[in-house]
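Below: the structure, in structure tokens.
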Amino acid sequence: MPGDKSISHRALILAALAVGPSRLDGLADGDDVRRTALALEALGVPISGSLAEGLVVDGLGVGGLQEPAQPLDFGNSGTGARLLMGCLATHPFTSHLCGDRSLSGRPMGRVMRPLEEMGASFLARAGDRLPLALIGTAEPLPIAYRLPVPSAQVKSAVLLAALNAPGESSVIESAPSRDHSERLLTARGAEISIEEAGGERIINLQGECELAAGDLEVPGDPSAAAFGLVAGLGPDSQITVDNLCLNPLRTGLFTCLGEMGARLTIEESGTAGGEPVGSVSVAGGGLRGIEVPPERAPAMIDEFPILACAAALAEGTTTMRGLEELRVKESDRLSAIAAGLQAAGVAVEELPDGLIIEGRGRVPGGTTIEVRHDHRIAMAFLVLGLAAEEAIAVDDGGPIATSFPGFNAAMKAVGAKIEGAEGET
Ligand code: S3P
């Protein structure tokens, strides 16, 4: 599997803010992470090597980024854009940020508000959208910030801004979101502490610290593996994926598949970059519908497209709620999933905050799905096509390369028949 995308963005950024060289191996080599590396280079960070073969990042230290001469283009990547907005907010220069059509439609206000409290200012398009100009502050203020949405990107943006602010900053989250930033900051020697109180998680970070350089091996991405693993639930199949990040705040899909009756084995084998790592195996067998508890959503926020496809192949009703956030991902995923399932002959009801899917154990297929610039919609429906009675096509394979450039080859290696290349329509 490609390296974990979330960890790859953070590994690059924190290596850039450490003092001296860090070697990073196993990075995700899709377009999203490439854009973060290019943005860091534009901010003066010396980077050598390649994403596929390993990079050496010569960190400039906290506060050491330099004014970019060109706009920073984040392509499709919300994580790259929002995390770097955090860093840039507490650097005393102006940066211009832009992205593709999908990213330019996504809300940036959720990161702008706390960063404004810390002293940054913004000139953004209507609705707080990209392209925007970010005016970093020379006199950053620490912050205590309660996240209004359960978002690891917002949490991480505030923590990255706080690195270059004096004193202690805190982020309070009522629903724990992926904690890769906290783990990597700890590994790099930041003064960070985490408390759990009254059902909330409070992350305290001491600013103006020094981060230690060091080598890192990024584990495989469970969100990429999800597609092959669901494909492995087909009759007579058996698939194992090893060297996967098994952070419990990322493995909600595996819990759901277990509840649906999947034969699934998870084996932890060690740690990498402060994260638990191991293998996941699945074997074919029937699935049944379930009700997904809303509180599990942050631990599987990117996996609802593929879960919905598994639910379509199960027997019985699957209900998923509390998913308003899916409307502001790379596409409005509730709408994209519902439209795709309907086109494939599956009974589905779209709720304001979720989906009710009537699984009948079989999917007619024989349709072309509108991908809407969303890599996970494309991959989920191609996997559904493997089990459908007639082939499923996607209208745009291009977005797959943002997160999983080797998707077609990996799927073909386990027996899938896929026509066309990832970059093709
Ligand atoms: C990510 C957090 C999630 C997720 C995204 C990656 C991250 O977004 O959907 O793909 O790396 O922090 P939110 O923070 O908006 O929930």
Side-chain angles (χ1 to χ4, degrees), residues 3-75 77-99 111 115 120 132-138 140 153 156-165 180-181 184-185 187-190 205 207-218 273:
D4 186 79
K5 187 152 75 78
S6 289
I7 299 174
S8 296
H9 286 292
R10 290 160 171 81
L12 279 164
I13 294 170
L14 289 179
L17 298 176
V19 179
S22 300
R23 187 182 166 87
L24 308 176
D25 284 299
L27 291 161
D29 62 352
D31 193 60
D32 280 13
V33 171
R34 191 177 65 85
R35 302 269 182 172
T36 292
L38 288 174
L40 290 169
E41 280 187 311
L43 292 161
V45 182
I47 299 182
S48 58
S50 69
L51 286 174
E53 305 288 323
L55 287 180
V56 176
V57 179
D58 204 356
L60 301 176
V62 166
L65 301 179
Q66 293 154 25
E67 182 187 63
Q70 300 288 326
L72 306 172
D73 184 349
F74 289 95
S77 180
T79 309
R82 293 187 176 124
L83 265 52
L84 271 172
M85 281 168 73
C87 294
L88 294 170
T90 51
H91 280 76
F93 53 75
T94 298
S95 317
H96 297 85
L97 286 75
C98 61
V111 275
L115 300 178
L132 60 75
L134 184 168
I135 301 133
T137 176
Q153 292 178 357
S156 303
V158 174
L159 292 174
L160 288 167
L163 274 179
N164 199 32
H180 307 304
S181 298
L184 270 180
L185 281 163
R188 294 233 174 259
L205 178 71
E208 295 183 329
C209 60
E210 189 169 302
L211 298 180
D215 298 348
L216 185 84
E217 175 85 41
V218 178

Over all atoms of both residues, closest heavy-atom pair of [X] and [Y]:
X	Y	result
Gly54	Asp25	CA-OD1, 3.4 Å
Asp73	Gly99	OD1-CA, 3.6 Å
Leu43	Pro68	CD2-CD, 3.7 Å
Leu115	Ala157	CD2-O, 4.1 Å
Ser156	Leu83	CB-CD1, 3.8 Å
Pro140	Asn164	CG-O, 3.4 Å

Passing option when Val33 is tested against Val218, Leu51, Leu38 for side chain to side chain contact (heavy atoms under 4.5 Å, CB included): Leu51
Return the [atom1] to [atom2] distance between [X] and [Y], rounded to the nearest 0.5 Å.
X	Y	atom1	atom2	result
Gln66	His91	CD	NE2	9.0 Å
Leu40	Asp58	CG	CG	12.5 Å
Thr94	Ile135	OG1	CD1	5.0 Å
Leu132	Met85	CG	CE	5.0 Å
Glu217	Leu27	CD	CG	9.0 Å
Ser77	Arg82	OG	CZ	9.5 Å

side-chain contact (heavy atoms from CB on, under 4.5 Å) assessment of Leu55 paired with Arg23: CA-CA 6 Å; Leu55 287 180; Arg23 187 182 166 87; over 6 Å; no
Just wondering, do [Y] and [X] contact through their side chains at under 4.5 Å, heavy atoms?
X	Y	value
Val45	Leu65	yes
Leu216	Leu184	yes
Val56	Ser22	no
Leu60	Leu17	no

Worked check of side-chain contact (heavy atoms from CB on, under 4.5 Å) between Phe74 and Asp31: CA-CA 9 Å; Phe74 289 95; Asp31 193 60; over 6 Å; no
side-chain contact (heavy atoms from CB on, under 4.5 Å) between Leu163 and Leu14, intermediate numbers included: CA-CA 10 Å; Leu163 274 179; Leu14 289 179; 4.1 Å; yes
Main-chain N/O of Ala11 paired with Arg188 side-chain donor or acceptor, under 3.5 Å: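 No; judged by distance alone, with no hydrogens or angles, the pair does not exist.
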Trace of the side-chain contact (heavy atoms from CB on, under 4.5 Å) decision for Leu72 with Leu88: CA-CA 11 Å; Leu72 306 172; Leu88 294 170; 3.8 Å; yes
Ionic contact status for Arg34 with Asp29, cut-off 4.0 Å: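 Salt bridge flag = no for Arg34 with Asp29.
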CD/Glu210: more than 12 non-hydrogen atoms of other groups inside 6.0 Å: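 Not more than 12 within 6.0 Å, no.
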Pair Thr36, His9: side-chain N/O donor-acceptor within cut-off below 3.5 Å: yes
